[in-house]
Amino acid sequence: IDPKIKTLYIIADKHFSGFPFEMLITTNRNFTQENFNEKFDKDFKPRYLIEDYNIKYLPNVASFIKLADSKKQKITKMSRFLGIGDPKFKKISQKSITSEEEITFTRGGFIEDTEIINERYSELPFTLKELKSMKKIFNRSTLLTREKANEKKVKELDLKKFDVISFATHAEVSGTFKDFNEPFLVLTPPETPNQNNDGLLTTSEISELDLNAELVILSACNTSSKIHKYATGFSGLINSFFAAGSRSVIATHWPVADEASYLLMSETLKKVLNSNLTISEALQNTKIEFINGKYGEEFKKPMFWAPYVYVGI
């Protein structure tokens, strides 16, 4: 690669769409067969692709052309922030747990008994801390958490007025429930579900939202996972936010540790606001800080910083 090139756009095929390329090791080891074990143990410090390149992902070439024509807006402290997350789940007795065969959906596509959501998902203690830390960064912020983090509230908001929207919750890919073939975000389930509010914000519902966001953050488990083993591109969740009007998305390739997620996203946004960095550059710099141990030895590992990827231009 030309050393003058500092940004890589990656459109992965079906075999690599679930892989974060920034964790590729580029270190020249210069090991011989004789000294490999000793030198690896003592001297080897990996250098990752993200340390040399600002990496951006796109689902396909068409999305590159479409997003290139969109008007990007600079994110500042005066940008409007919406944080949605830390949903509330009731504690369910072990005796009442529903088997997958018993889960049913109405013809309208919503779940008939939301107890399964309470049974299946646990609360995420760092999500509220993450959203509150982001709220402090912006002068104009709205949070929907706990009971308010529900579909009805989200759909009632004038979402076009928000520049940055963050979802901090669970996410699932297609096929999680039998006979239910859409990826979804998990929100606080209602006592009595209906088509407008059943606790599952699906891709079809997201694509019908009216957004004008510069950035949507999907700080949740599995948000960029493929629909099935050989599916192409990113999940329907990411594409549905582009369809709704977002100009970029930060998503995750695998389940993330709560504390690492909180640090990575809050520090990235601080860099966007306090320096002349783009979103992807700020994310790159925060990842490099993780690699260099700024947030602790444990968080140097790719499993903590690699899953977050920037999708956009």
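Along the sequence shown, the residues carry numbers beginning at 1.
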Notebook entry, point to check: Is the closest side-chain heavy-atom distance between D198 and E151 below 4.5 Å?
Noted result: yes
Next item on the list: Take atom NZ of K161 as the centre, draw a 6.0 Å sphere, and report whether it contains more than 12 heavy atoms from other residues, nucleotides or ligands.
Entry: yes
Notebook entry, point to check: Can you list the steps and then say if K294 with F299 is a side-chain contact (heavy atoms from CB on, under 4.5 Å)?
Noted result: CA-CA 9 Å; K294 180 176 179 179; F299 289 158; over 6 Å; no
Check: Within a strict 4.5 Å, meaning less than it, do heavy atoms of the L237 and T203 side chains meet?
Finding: yes
Check: When you measure from the side chain of S166 to the backbone N and O of G83, does any donor-acceptor pair fall under 3.5 Å?
Finding: no
Notebook entry, point to check: With a 4.5 Å limit on heavy-atom distance, are the side chains of T188 and R146 in contact?
Noted result: no
Notebook entry, point to check: Is any NZ, NE, NH1 or NH2 atom of the basic residue among E297 and K300 found under 4.0 Å from an Asp or Glu carboxylate oxygen of the other?
Noted result: yes
Note to self: Between Q73 and N212, does the side-chain contact (heavy atoms from CB on, under 4.5 Å) criterion hold? Intermediate values first, please.
What the structure shows: CA-CA 10 Å; Q73 301 172 1; N212 188 33; 3.8 Å; yes
Notebook entry, point to check: Quick check: are there more than 12 heavy atoms from other residues, nucleotides or ligands sitting under 6.0 Å from CG of N292?
Noted result: yes
Note to self: So, taking the atom named NZ in K301 and the one named CD1 in I291, what distance separates them when rounded to the nearest 0.5 Å?
What the structure shows: 14.5 Å
Check: When the ring planes of F89 and H170 are compared, do they come out parallel, tilted or perpendicular, using 30° and 60° as the limits?
Finding: tilted
Note to self: Quick check: is L273 connected to L82 through a chain of hydrophobic side chains (ILVMFWY, heavy atoms under 4.5 Å apart)?
What the structure shows: yes
Notebook entry, point to check: Just wondering, do L201 and I206 contact through their side chains at under 4.5 Å, heavy atoms?
Noted result: yes
Check: If you measure from CD1 on I55 to CG on L49, what distance do you get to the nearest 0.5 Å?
Finding: 4.0 Å
Notebook entry, point to check: Is it true that atom NZ of K72 has more than 12 heavy atoms of other residues, nucleotides or ligands lying nearer than 6.0 Å?
Noted result: yes
Notebook entry, point to check: So, the side chain of Y57 versus the backbone of A12: is there a donor-acceptor pair under 3.5 Å, distance only?
Noted result: no
Next item on the list: Measure across G85 and A149 and return the closest heavy-atom pair with its distance rounded to 0.1 Å.
Entry: O-CB, 3.5 Å
Check: How about W305 and E22: do any of their side-chain heavy atoms sit closer than 4.5 Å?
Finding: yes
Check: Would F167 and F241 count as a close aromatic pair, with their ring centres under 6.0 Å?
Finding: yes
Margin query: Whether the side chain of Q284 engages the backbone of Y53 through a donor-acceptor N/O pair (distance < 3.5 Å, no angle test) should be reported.
Written below: yes
Next item on the list: Examine L277 and L263 and state if one hydrophobic cluster contains both, with Ile, Leu, Val, Met, Phe, Trp and Tyr joined whenever side-chain heavy atoms are less than 4.5 Å apart.
Entry: no
Margin query: Quick test of your reading of the model: are K155 and E208 salt-bridged, counting only N-O distances below 4.0 Å?
Written below: no
Check: What's the spacing between L200 CG and E205 CD if we round to 0.5 Å?
Finding: 8.0 Å
Next item on the list: Report yes if some heavy atom in the side chain of V272 is under 4.5 Å from a heavy atom in the side chain of I137; otherwise report no.
Entry: no
Check: Are any of the side-chain heavy atoms of K6 and N54 separated by less than 4.5 Å?
Finding: no
Next item on the list: Give, for atom CZ of F304 and atom NZ of K287, the distance between the pair rounded to the nearest 0.5 Å.
Entry: 14.5 Å
Note to self: Counting C-beta onward and ignoring hydrogens, is there a side-chain heavy-atom pair between K77 and N274 closer than 4.5 Å?
What the structure shows: yes
Checklist line | Test applied, side chain to side chain contact (heavy atoms under 4.5 Å, CB included); reference residue, I250; option that passes from L264, L218, I279 | finding: I279
Checklist line | Atom NZ of K152 with >12 non-hydrogen neighbours under 6.0 angstrom | finding: no
Next item on the list: Decide whether I288 and Y48 are clustered together by the hydrophobic rule: side chain heavy atoms of Ile, Leu, Val, Met, Phe, Trp, Tyr closer than 4.5 Å, transitively.
Entry: no
Check: Can you hop from F138 to V216 via hydrophobic side chains spaced under 4.5 Å?
Finding: yes
Note to self: Using side-chain contact (heavy atoms from CB on, under 4.5 Å), reason through F81 and L143 one step at a time and then give a plain yes or no.
What the structure shows: CA-CA 8 Å; F81 172 75; L143 290 189; 3.9 Å; yes
Item checked: Minimal non-hydrogen separation, Y310 against S248, with atom names -> OH-CB, 3.3 Å
Note to self: Keeping R80 on the side-chain end and D163 on the backbone end, is there a donor-acceptor pair under 3.5 Å?
What the structure shows: no
Item checked: For the student: nearest non-hydrogen atoms of P189 and K88, plus distance -> CD-O, 3.5 Å
Next item on the list: Please report the closest heavy-atom contact between P87 and A168, naming both atoms and the distance.
Entry: CD-O, 4.1 Å
Next item on the list: Go through the steps for L8 and F21 under the test side-chain contact (heavy atoms from CB on, under 4.5 Å), then give the verdict.
Entry: CA-CA 10 Å; L8 299 181; F21 285 78; over 6 Å; no
Next item on the list: Answer yes or no: is there a donor N or O on one side and an acceptor on the other, between the side chain of T169 and the main chain of V186, under 3.5 Å?
Entry: yes
Item checked: ILVMFWY network linking L128 to V154, side-chain heavy atoms under 4.5 angstrom -> no
Note to self: For V309 versus P20, what's the shortest heavy-atom pair and its separation?
What the structure shows: CG1-CB, 4.2 Å
Next item on the list: Taking N150 for its side chain and E147 for its backbone only, find out whether a donor-acceptor pair lies under 3.5 Å.
Entry: yes
Check: N239 and P59: which non-hydrogen atoms are nearest, and at how many Å?
Finding: OD1-CG, 3.4 Å
Check: Between atom OG1 of T268 and atom CG of N285, what is the distance when rounded to the nearest 0.5 Å?
Finding: 8.5 Å
Next item on the list: Report the distance from atom CD1 of I217 to atom OG of S261, rounding to the nearest 0.5 Å.
Entry: 9.5 Å
